[in-house]
Number of protein chains: 2
Amino acid sequence: MCTEKITEIRKLSQKYAYASLQMHETIARKAGFSATDHKYLGFFLQKGSLTAGELASLTGLTSGAVTGLINRFERKKLVKRVHDHHDGRKVIIEPDRTKIMALMTPFYQTFQQESENIIASFSEAEMEILKAYFLKALALTQETYNQFK
Amino acid sequence: MCTEKITEIRKLSQKYAYASLQMHETIARKAGFSATDHKYLGFFLQKGSLTAGELASLTGLTSGAVTGLINRFERKKLVKRVHDHHDGRKVIIEPDRTKIMALMTPFYQTFQQESENIIASFSEAEMEILKAYFLKALALTQETYNQFK
DNA sequence: AAGAATTATCTTAGTCACTAAGATAATTAT
DNA sequence: ATAATTATCTTAGTGACTAAGATAATTCTT
C-alpha cells in the first residue's frame with residue numbers, strides 16, 4: 001500500500017492548517033484587530049445576527065468575554081446591540097455587513113480570487129474529489145472538537 | 001462554467017480552516033496549555049532545536065514574549081536552555097521530543113489515524129489530486145502571509 | 001397570581017501573555 | 001581598545017480572558 005503517500009498528504013494538510021492560521025493572524029494585525037477579534041468578526045459575515053449567548057456558545061468564550069468582544073466591535077461601529085422584543089433579556093447583535101466587508105475585502109479579495117483560480121485549475125470531476133475530501137475532513141475535525149470541548 | 005461549484009469548494013476549505021483552528025484551541029485547553037503555547041509547541045516537534053531569536057522570527061513574537069514562552073515550557077520541563085559554545089549570547093532551546101509527544105499523542109492519535117483513513121479512502125490517482133491542491137493552496141497561503149507580514 | 005427557579009447578559013477582580021522600551025552581556029568591526 | 005551590533009532578558013503597562021457574583025427578564029410551580 002501507499003502508506004507513505006498517505007502520511008505525506010496528512011502532513012501537508014496539517015502544514016496548510018498552520019499556514020492558514022498564521023496568515024489570518026497576520027492579516028488581523030494589519031487590519032488593526034487583535035487575532036481573536038478578527039477571528040470572530042468572520043462569524044458575523046457568516047451567520048448574520050446573533051444573540052450574545054449564541055455567540056458565546058459558538059466561540060466557546062465566557063459570557064463576560066463576549067460582552068467585551070461586543071463592546072469593542074460596537075465602539076468601532078461594526079455591530080449594534082438591539083434588545084429582543086419577545087425576550088427582554090436577550091441582546092441581539094446586528095452586524096454592519098457592509099462596514100465589516102469594507103474592512104476585510106482589501107486583504108482577502110486577492111486571496112479569495114487566487115483560491116478560486118486554484119480550484120478552477122482542476123476539472124469538474126477532480127473538484128468533486130476535493131469536495132468529498134473537505135466534507136469528510138470537516139466532519140472529522142468537528143467531531144474531534146466536540147469530543148474534547 | 002461551474003462558478004458555483006468553485007465558490008462552494010472555496011467556502012468549504014475556509015470553513016475547514018476555521019474548524020481546524022477551533023479544534024486545536026480546544027485540545028490545547030484540555031492539554032493544559034494556552035492556545036498560543038500549544039500552537040508553538042508543535043514548532044519544536046517540527047523543527048527540533050532552535051535559538052530564541054529564530055523562534056521569535058518564526059512565530060512573529062517579540063523577544064520578550066519568546067523569553068516568557070521558553071520560561072513556561074522550561075518550567076514544565078518540555079525544553080532546556082543551552083548556551084551556544086560558539087556564540088555565548090545565543091540560547092539554544094532543546095525540546096524534549098518524547099515528553100512533548102507524550103502530551104500531544106493522547107489527543108491527536110485518533111485524529112491523525114482517522115485523517116489517514118479518510119485519505120486512504122481515495123484511490124492513488126485521487127490522492128495525487130489532493131496533494132496537488134494542497135501544494136498550491138499552501139503556496140498561496142504562505143505568499144499571502146509574506147505579503148502582509 | 002405570587003414567589004421561586006431559571007435564563008441571559010453585564011460587572012468586577014484577578015490572571016496571564018503580549019508589546020515596547022530599555023538593560024545586560026557577548027561578539028564583531030574600526 | 002573602543003564602538004557598534006547582536007541576542008536575550010527585564011520591566012512597566014495594556015488588553016483580553018476566566019470565574020464568580022449582580023442584575024434583570026422570563027418561565028415554572030402551586
Side-chain angles (χ1 to χ4, degrees), chain A residues 21-22 24-26 28-44 47 49-76 78-95 149, chain B residues 21-22 24-44 49-76 78-95 149:
Chain A
L21 169 57
Q22 285 265 93
H24 284 289
E25 288 191 0
T26 306
R29 251 177 275 173
K30 278 279 164 184
F33 290 103
S34 75
T36 79
D37 281 12
H38 177 257
K39 185 168 70 191
Y40 299 132
L41 204 53
F43 259 82
F44 292 113
K47 312 258 173 183
S49 294
L50 292 167
T51 66
E54 282 165 347
L55 190 59
S57 73
L58 277 170
T59 57
L61 296 174
T62 58
S63 69
V66 167
T67 299
L69 189 70
I70 301 168
N71 287 342
R72 293 192 297 276
F73 286 151
E74 204 179 36
R75 247 178 270 132
K76 296 186 176 179
L78 299 175
V79 304
K80 252 191 204 163
R81 274 186 171 93
V82 181
H83 281 278
D84 189 333
H85 283 115
H86 304 293
D87 185 341
R89 296 167 301 178
K90 290 187 181 170
V91 168
I92 299 170
I93 307 149
E94 284 184 354
K149 89 171 169 193
Chain B
L21 170 56
Q22 285 265 94
H24 284 288
E25 287 191 2
T26 306
I27 289 181
R29 251 178 274 173
K30 278 279 165 183
F33 290 103
S34 76
T36 79
D37 281 13
H38 178 257
K39 185 169 67 189
Y40 298 132
L41 205 52
F43 258 83
F44 292 114
S49 295
L50 292 168
T51 67
E54 282 166 348
L55 191 58
S57 73
L58 278 169
T59 57
L61 296 174
T62 57
S63 69
V66 167
T67 300
L69 188 70
I70 300 168
N71 286 343
R72 294 192 296 276
F73 286 152
E74 203 179 38
R75 247 179 270 132
K76 296 185 176 180
L78 298 175
V79 305
K80 252 190 204 163
R81 273 187 170 94
V82 181
H83 279 279
D84 190 332
H85 283 115
H86 303 294
D87 186 340
R89 296 166 302 178
K90 288 188 182 171
V91 168
I92 299 169
I93 307 148
E94 283 185 356
K149 89 171 171 195

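Quick note: numbers below take in every heavy atom, side chains included, and nothing from hydrogens, waters or symmetry partners. Throughout, a chain's letter reflects where its sequence line sits, starting with A, and its residues are numbered from 1.
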Legend entry - Worked check of side chain to side chain contact (heavy atoms under 4.5 Å, CB included) between A:His24 and A:His38: CA-CA 8 Å; A:His24 284 289; A:His38 177 257; 4.1 Å; yes
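The closest side-chain heavy-atom distance from A:Leu58 to A:Leu50 is below 4.5 Å. Counting heavy atoms from C-beta outward, A:Leu78 and A:Phe33 have side chains that approach closer than 4.5 Å. Two residues are said to be in side-chain contact when any heavy atoms from C-beta on lie closer than 4.5 Å; A:Arg81 and A:Asn71 meet this criterion. Using a 4.5 Å heavy-atom threshold, the side chains of B:Ile92 and B:His83 count as separate. For the pair B:Leu69/B:Leu55, a side-chain contact is recorded, criterion being any heavy-atom separation below 4.5 Å from C-beta on.
Distance B:Glu25 CD to D:dA16 P: 15 Å, rounded to the nearest Å. Spacing between atom CG of A:Leu69 and atom P of D:dT18 amounts to 11 Å, rounded to whole angstrom units.
Proximity of A:Ser34 to the phosphate of D:dG15: no side-chain N or O atom is located under 4.0 Å from OP1 or OP2.
Relative ring orientation between B:Phe73 and B:Phe44 is described as perpendicular, the plane-to-plane angle rising above 60° on a 0-90° scale split at 30° and 60°.
Residues from residues 83-91 of chain B with heavy atoms under 4.0 angstrom of DNA chain C, sorted by number: B:His86, B:Asp87, B:Gly88, B:Arg89.
Within the 4.0 angstrom heavy-atom criterion, no nucleotide atom of any strand lies near A:Arg29. Within 4.0 Å (heavy atoms only), A:Ala65 reaches at least one base atom of the nucleic acid.
Considering every non-hydrogen atom in both A:Ala52 and A:Ile70, the closest pair reads CB-CD1, 3.9 Å.
Interface limits on DNA chain C: the 5'-most and 3'-most nucleotides within less than 4.0 Å of chain A heavy atoms are C:dT7 to C:dT11.
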